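A short write-up of the structure that comes next.
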Amino acid sequence: MDGLDPRLEGELRRGVLQLVTLSLLDTRRYGYDLVRLLGKAGFDVEEGTLYPILRRLEQQGTLSAEWDTNGARPRKYYTLSASGRALRDEMAEAWRRVRDATDAALEKRP
Amino acid sequence: MSQPPPAAPRPAPSAARQDYLDRLRDLLPPREAGRVLREVESMILDHVEHAEREGSPREVAEREAVASLGSPEALADRIVEDHVRVDLATRRSFARWFGVLFAGHLVLTLVLTLAGADGAPIPGILGPLTRDPWYGFVSGVLSVFLVDLGGLFGIYLLLGIRRSAHAPAFPRLRPAWTPRDSVAALVLLPVLAVVLNPPVRDSVFAVRLAGTLHPLLAPELVAFTVCVNGIIGLHVVRHVVMLARRRMTPLSVALDAGTTLAAVALLVVMATRADFLRLPAALDPATAQTVADLATRLLLLLFVLAAFFLAIRAVRRLMLLRQMLGT
C-alpha cells in the first residue's frame with residue numbers, strides 16, 4: 001500500500017474542523033480569511049464546506065457575526081461569542097481526552 | 001444575528017457566478033435565499049480578490065471561486081440542514097398503499113370490463129377498459145397504474161413527504177435571459193400585433209374565392225383582438241423594463257405572470273366559443289362543414305395545449321416572484 005488513503009486522513013481532519021475553526025475565531029475574521037488560515041494550519045477546506053459550518057455556528061449563537069461596510073464592499077466578519085468560547089474550551093478538553101485515549105490504545109498494540 | 005448590509009456597488013457578476021447564484025437561489029427557501037446569497041457572493045468576491053492579487057485573471061479566479069463552493073445542490077443541502085430523504089418506513093408505506101390501491105382499482109376496472117359496463121361510473125378514474133384493440137387494453141391498465149401512482153404521490157406530498165436527495169433535478173424557476181432575448185421580442189411582438197390586426201389580419205386569415213377576399217376568422221374570435229393587443233402591449237412593457245434594468249426585476253416577473261394568466265384566461269374563453277371560422281357562403285355546404293369541423297378541432301387542441309403550457313409558465317413565474325420578494 002502506498003501510504004494512507006488521503007480520504008481517510010480527510011475524514012480524521014473533518015472530525016476536528018469545527019474545533020479548529022473555533023480556535024481561530026478569538027479575533028474576528030471573514031470567511032475566506034478563515035479558509036486560508038485553515039489551509040496554512042494543514043486543514044485544506046473549501047468555502048463550500050466552511051460556509052455551512054459558519055452559518056450553523058452563527059445560528060446556534062456560538063459565533064457573533066456582523067457586516068463591516070467600511071471597506072470597498074460589505075464583508076461579513078465572525079468572532080466567538082461568550083458561549084462559543086465556553087464551547088471551544090469544552091471541545092478542546094474533549095479532544096485532549098480522545099487524543100490521549102487514542103495514543104494509549106495505539107501504544108498497547110501488540 | 002447580524003443584519004444584512006445596505007446595497008453597495010459591486011463588480012458586474014461573471015456568467016459563472018451569476019449562474020451559480022441563480023441556481024442556488026432556486027434551491028433555497030425564499031426567506032433564506034437573499035441572506036445566503038449575499039454571504040456566498042461576498043465569499044466568492046473575497047476569493048476572487050485574493051486570486052487576482054496572486055496574478056490570476058479575473059475570469060479564471062471567478063471560476064475557481066465558484067468551483068470551491070461545490071455544486072449548488074450540495075451547498076443548499078448543507079445550508080438548509082434539512083436533508084430531505086424518504087425514509088424506509090415511508091417508502092414501505094407508500095409501496096403498501098400503492099399495492100392495495102392499484103390492486104383494488106384494477107379489480108374493479110376488470111369487473112366493469114368483463115361485465116360489459118356501458119359508460120364510466122367515475123369518468124377519468126373508474127370505467128371499463130377497451131378490449132379491442134389489445135393495445136387499447138394495455139394502455140387502459142397503464143392509465144390505471146399512473147392515476148393511482150400520481151394520486152397517491154399527491155397525497156404523500158400534501159402530507160409533507162418531500163423529495164428525496166436523489167430525486168430528479170429540481171426545476172429551475174429563473175429562465176435564462178439576455179438583453180438579446182428582449183431585443184428579439186421587441187421586434188417580434190410588434191410584428192405579431194400587425195399580423196393579428198386589420199388590415200393584415202383580414203388578408204392573412206382569408207381565402208380568395210371568385211376574385212373576392214373572404215376573412216376566415218369568426219367575429220366571435222375577432223372580438224378578442226383588443227385583449228390580445230393588451231397582452232402583447234404588456235409583454236412589450238416587460239421587455240422594456242428588463243432592458244432598462246439589464247436584468248429580470250420583480251416588476252418584469254409580475255408583468256410576465258399577469259400577462260400569462262391573462263393569456264390562459266383568454267385562451268379558455270376563446271376555446272368555449274361556438275364558432276371559430278366564418279366560411280364563405282359560396283362554398284359547398286358539405287365541404288364547408290368538413291373544413292369547419294377540422295379547423296375547429298385543430299384550433300381547440302391548439303388553445304387547450306397552449307393554455308396548459310401557459311398555466312405552468314404562470315405558476316413558475318409566480319413562484320419566481322415569491323422567491324424574488326423573499327416571501
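Lettering of chains follows the sequences in order, A, B, ..., and the numbering in each one begins at 1. Quick caveat: nothing in here was measured; it's all calculated off a predicted structure. Atoms considered below: every heavy atom in the structure, side chains included; atoms not considered: hydrogens, waters and symmetry mates.
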**Study point:** From B/L69 atom CG to A/L50 atom CG, the distance as rounded to the nearest 0.5 Å
**Key:** 10.5 Å
Point to revise | Validation row: A/R73, B/D46 side chains within 4.5 angstrom (heavy atoms) | key: yes
**Study point:** Atom pair CD (A/E47) and CG (B/L75), whose distance is rounded to the nearest 0.5 Å
**Key:** 10.5 Å
Study note, to complete from the structure: Whatever's closer than 4.5 Å to a heavy atom in chain B on A/R55 counts as side chain
Exercise for review: Identify the two heavy atoms, one from B/I79 and one from A/Y51, that lie closest to each other, and give their separation to 0.1 Å.
Suggested key: CD1-CE2, 3.6 Å
Practice item. Nearest 0.5 Å please: distance from the NE2 atom of B/H50 over to the CZ atom of A/R36. Key: 3.5 Å
Exercise for review: Might you confirm whether atom CZ of A/R99 has over 12 heavy atoms from other residues, nucleotides or ligands at distances under 6.0 Å?
Suggested key: yes
**Study point:** Side-chain heavy atoms of B/I44 within contact of A/Y32, under 4.5 Å
**Key:** no
Point to revise | Gap between atom OH of A/Y30 and atom CE of B/M43 - 0.5 Å precision | key: 10.5 Å
Review point. Could A/R75 and B/E49 be called an ion pair, given the rule that one side-chain N must be under 4.0 Å from one carboxylate O?
Key: yes
Review point. Counting only heavy atoms not in B/E59, do more than 12 sit closer than 6.0 Å to its CD atom?
Key: no
Study note, to complete from the structure: Bottom line for A/L54: the part with an atom under 4.5 Å from chain B's heavy atoms is side chain
Exercise for review: Against chain A, label B/E64 side chain, backbone, both or neither, depending on which of its atoms sit under 4.5 Å from a heavy atom there.
Suggested key: neither
Check your understanding: Hey, does A/W67 have a side-chain heavy atom less than 4.5 Å from the side chain of B/S42?
Key -> yes
